[in-house]
Every structure is written in C-alpha cells, then in structure tokens.
Amino acid sequence: MAKYDWKSLEKEYILSNYKSVSAFLKNKNIPNNGSTRNKTKGWKDKKQDKQDKINTRTVQKVIEKQSEKEANEIVSVSDVANKLLNKIMSASDELNMNNDMFGNTYKSAILNRSDLKKLTSALKDLDDILKNKTKPNDIEDLTVLADLLGFGDKERKQ
C-alpha cells in the first residue's frame, strides 16, 4: 500500500473546488477503500466549515460597506444642513442690519421673513432626511432655531 501525506492532501481538498472527497481521491488516483475513508473522515465537514466562514465574512464585509456608504450620506446631508444653518444665521443678521444716511449701522425690526421661512423650511427638510437615516426622536434644534429667528408658535403653525 502506498504511503500518502494525508495532512497535505486534506489541506489541498479543503482549499480545492472538488464537490466530494471521492472525486478528489479519484483525481489523485487514490483508491477509495475502507482505509482511505477512515483517513478522510471529517474532511467534508471541515470543507463545509470553511465555506460557512467565507459566507459569514462576505456578509459582514457587505454590511460594513453598506454601513460606511450610509454613514457618508448622513455626514454629507448633515454638512449641507450645517452650511444652510450658517447661511440662515448670516442672512438673519444681514437683514436686521441697516445703515442710516450718516453711515451709522443699526438693527432694524424689518426682516424678510418669507425668504427666511423658505430657508428654514429647507433646513427642516434636511433634518427630516437625517431623521429618516438616523431615527432620532426630537426636533428641538429646529424649534430653538425658529425661536431665535423670531418665529413664534403662531407663525410656525402657518
């Protein structure tokens, strides 16, 4: 009887694309008898375990890639929202500042609320997008912003 390196044959089988141990043995011209079956016992299970690990890692990597993509989208929307908020604050400050004929700067009670409402509406839309992606439970920041910009409860309900 020929001597075989069963450990290296086992490794080769587990890493191969053979569907069965008997197909592998046949390709290697190793007789499939009781002694051989005894030596190859458990190879099929080890090959299946390897495939299960590959499948699990594949799923994990896909989940990581999808999570990273969604996180990047959330960061992008959040960046846009922050930029828009800064624009709203800047616009509010500029609309409230006026110069008289002597060059003196003073705050005015006149504020183009219509344009400001459009900007805050866009900010709320961005907030809704972020909520759908991250599922937070409150809109306290937008309420505070509306109060800072001079919108009372009456104006917010319109």
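Just so it is clear, the model here is predicted, and its values are computed rather than measured. FYI, side chains are in, hydrogens and waters are out, and symmetry mates aren't considered; it's all heavy atoms of this structure.
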Tell me the closest heavy-atom pair linking K46 and I14, and the distance in Å.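 Smallest interatomic distance, heavy atoms only, reads CB-CD1, 3.6 Å.
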I need the minimum non-hydrogen distance between T40 and W6, along with the two atoms involved.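 Scanning both residues, the minimum pair turns out to be CG2-CZ3, 3.9 Å.
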Pairs touching residues 53-64 that satisfy side chain to side chain donor-acceptor pair (under 3.5 Å), sequence neighbours left out: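 Sorted pair list: Q51-N55.
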Can a donor-acceptor pair be found, under 3.5 Å and without considering hydrogens, that links the side chain of S78 to the backbone of V75?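 Checked: no pair found.
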Nearest 0.5 Å, what's the NZ-NZ distance between K44 and K47?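 Nearest 0.5 Å value for the NZ-NZ distance: 11.0 Å.
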Test item: side-chain donor near acceptor, S35 and N38, under 3.5 Å: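 Short answer, no.
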Taking it one step at a time, do R37 and S22 satisfy side-chain contact (heavy atoms from CB on, under 4.5 Å)? CA-CA 9 Å; R37 283 189 292 277; S22 56; over 6 Å; no
For residues 23-31, tabulate all N or O donor-acceptor pairs below 3.5 Å that involve a side-chain atom, not counting sequence neighbours.
unit_1 : atom_1 : unit_2 : atom_2 : d
N27    : OD1    : Y18    : OH     : 3.0
N27    : ND2    : Y18    : OH     : 3.4
K28    : NZ     : E12    : OE1    : 3.4
K28    : NZ     : E12    : OE2    : 2.5

So, do W43 and L9 sit near enough that their side-chain heavy atoms are less than 4.5 Å apart?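 Yes, side chains in contact.
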